[in-house]
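Quick notes on the structure that follows.
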Amino acid sequence: MDAVIRSLEQLFASLPLPLLEVWGRFGYLLGLALMLCAYLGFTLRPGGQWALGRLRQGWDGQALISCALTFVLIFFTGWLGSHIVLVPGAQTFESLKDLSVFLCVVLFGYPALVTVPFAYGLSDLIEGVPPEFLLDWLPGYFINPACFWIAHQLIGKNPDFRLPRTWAWYLLFVALFMAIEPQLWGYICAGKFTPEISYRSITPALVFTTGITWLLAPWAMLLALPLARRHGLFWAEIPGHASERRLGRADWLWHSGSTAEAGGGQGLPIRVALAAPLIGLVLLMVGSAAYQALSSAEAGADKLAGRLHQEIAENINLQLDDYLERHAAKPASEQARDIGELLQRLPVALHGRAFVLSRSGQLLAASTAPADANDPVLRSALL
């Protein structure tokens, strides 16, 4: 696993950074267009034909159950994936949560689509993502499921992977997704991190995790589709659950379910009206509690990290003073080499970096070998 991630990082490191930035910005703009189409109820294949159309969604009992299942699946797989470490100190099994998003959006349709951003954001908050990161990444939480919506458009009416045609549409979706989503997150994260770190570290990690997702998705769908059909939750087979028409025309080309009629299933059942406010209140309470707990924990962690940095710096200063006192007669080049080796033996070198700079800001020695003045972490620290 570690070798695969390193290979991906080397691949993206070989690409010019301006190219990656243009690619990321283009992916972000294309993602915004997909988001508007998905959430405003447009469809690209009304009645199975390529055209711009409108979707009419019936908010019935199955829609409410789909929303609840989407929340539960994203929470559970997010929690489970965060406890499965693929690369120690670097990568967990985030692919499970993306797999849940794929299954829910394809099988449940529009109700899952509008649920995913809130479930994903709340799941990340509970898993430890800082609250200010969620606010900065808010557009991404809506763009991300819109990228999965491409699969819903291509195979949503019949996601049966026993059929060769489904595989062809699926491979097209994977190619489009991988050309858009990892790069647009590089663009979104570049504001919090440097573009160098964002495009050369975060984007390769996303390529890795989503790649695992696409290897698992067909086999997971073979299990999930019969379950959704058995319990009457597969969106395309629920009578009156959804209808499609071409844009600019009044007649509806397609209705979900073999006995669906135009206008059917559009009422709001009493169980939906009673349960929805209660579910919303529970989610609000969970989100508020998670936000307060995480904010308090983050403040304590920042204070502890600052104190640890001070202690580490003092320890390094003492070791440097001791070295210079014992080897003051050595040439400057040998001192720099010895100090670099000293820094590389420090515990902090395993998961971080330590640098020694001159008063003018010149790099003298580092815990990385060889010392690189263009290291993105060093450049970010000097800003």
Side-chain angles (χ1 to χ4, degrees), residues 1-32 34 81-82 84-99 101-102 124 129 133 136-137 139-140 143-144 146-148 150-151 167-168 170-218 344 349-353 366-381:
M1 295 292 183
D2 191 18
V4 174
I5 293 181
R6 291 188 182 278
S7 299
L8 288 171
E9 289 178 346
Q10 292 174 359
L11 173 63
F12 278 86
S14 66
L15 298 175
L17 186 59
L19 173 63
L20 293 174
E21 290 180 315
V22 171
W23 192 356
R25 185 168 301 183
F26 174 76
Y28 181 75
L29 295 176
L30 186 56
L32 286 176
L34 290 172
S82 66
I84 301 176
V85 179
L86 299 179
V87 180
Q91 192 70 54
T92 58
F93 201 15
E94 185 75 9
S95 309
L96 278 181
K97 187 155 62 174
D98 289 334
L99 179 61
V101 175
F102 172 79
D124 281 355
V129 175
F133 278 45
D136 289 340
W137 296 346
I143 294 175
N144 189 58
C147 292
F148 287 90
I150 300 174
W167 280 96
Y170 175 73
L171 293 176
L172 175 61
F173 155 70
V174 170
L176 292 173
F177 187 97
M178 298 300 282
I180 298 173
E181 205 262 357
Q183 290 74 24
L184 73 85
W185 271 105
Y187 174 78
I188 292 173
C189 294
K192 276 290 182 186
F193 310 97
T194 63
E196 181 86 17
I197 295 174
S198 185
Y199 287 107
R200 301 200 192 282
S201 296
I202 296 176
T203 297
L206 289 174
V207 171
F208 174 73
T209 56
T210 51
I212 295 177
T213 301
W214 306 138
L215 292 175
L216 298 175
Q344 292 166 28
L350 295 176
H351 302 291
R353 290 172 173 84
S367 59
T368 55
D372 184 5
N374 293 319
D375 188 294
V377 176
L378 173 60
R379 286 191 294 163
S380 177

Discussion item. Which heavy atom of Cys147 sits nearest to which heavy atom of Phe177, and what is that distance?
Written reply: CB-CE1, 3.5 Å
Worksheet item: Within the distance-only criterion (no hydrogens, no angle test), does the side chain of Thr209 pair as donor or acceptor with the backbone N or O of Leu206 below 3.5 angstrom?
Response: yes
Practice prompt. Start with the C-alpha gap between Cys189 and Trp137, add the side-chain angles, then the distance that decides, and say whether side-chain contact (heavy atoms from CB on, under 4.5 Å) holds.
Written response: CA-CA 8 Å; Cys189 294; Trp137 296 346; 4.0 Å; yes
Worksheet item: Angle class for the Phe102/Tyr170 ring planes (parallel below 30°, perpendicular above 60°, tilted otherwise)?
Response: perpendicular
Practice prompt. Tell me, with the steps shown, if Phe133 and Asp124 meet side-chain contact (heavy atoms from CB on, under 4.5 Å).
Written response: CA-CA 10 Å; Phe133 278 45; Asp124 281 355; over 6 Å; no
Item to complete: With rounding to the nearest 0.5 Å, note down the distance linking NZ in Lys97 to OG1 in Thr213.
Response: 11.5 Å
Worksheet item: After noting the C-alpha distance and the side-chain angles of Leu29 and Phe26, does the key distance pass the side-chain contact (heavy atoms from CB on, under 4.5 Å) rule?
Response: CA-CA 5 Å; Leu29 295 176; Phe26 174 76; 5.7 Å; no
Fill in: Gap separating the CG atom of Leu216 from the CG atom of Leu99, nearest 0.5 angstrom
6.0 Å
Worksheet item: Pick from Thr194, Leu20, Leu8: which one makes a side-chain contact (heavy atoms from CB on, under 4.5 Å) with Arg200?
Response: Leu20
Worksheet item: Once you round to the nearest 0.5 Å, how far does CZ of Phe193 lie from CD1 of Ile188?
Response: 12.5 Å
Response to the item:
Between the CG atom in Leu172 and the CD1 atom in Ile150, the distance rounded to the nearest 0.5 Å is 8.5 Å
Worksheet, complete the sentence: Here the salt bridge (Lys or Arg N to Asp or Glu O under 4.0 Å) pairs for residues 201-213, sequence neighbours left out, are none
Item to complete: State, to 0.1 Å, how close Phe12 and Pro204 come at their nearest heavy-atom pair, and which atoms those are.
Response: CD1-CG, 3.7 Å
Worksheet item: Is any side-chain heavy atom of Tyr199 closer than 4.5 Å to a side-chain heavy atom of Leu15?
Response: no
Worksheet entry | Distance (rounded to the nearest 0.5 Å) between Leu17 CG and Ser198 OG | 9.5 Å
Worksheet item: With sequence neighbours left out, which residue pairs that include part of residues 8-18 fulfil the side chain to side chain donor-acceptor pair (under 3.5 Å) condition?
Response: none
Worksheet entry | Rounded distance [0.5 Å steps], OG1 in Thr203 versus CG in Leu11 | 11.5 Å
Discussion item. With a 3.5 Å distance limit and no angle check, can you tell me whether Trp214 reaches the backbone of Leu171 through a side-chain donor-acceptor pair?
Written reply: no
Worksheet item: What pairs meet the side chain to side chain donor-acceptor pair (under 3.5 Å) rule with one or both residues in residues 178-187, with sequence neighbours excluded?
Response: Glu181-Trp185
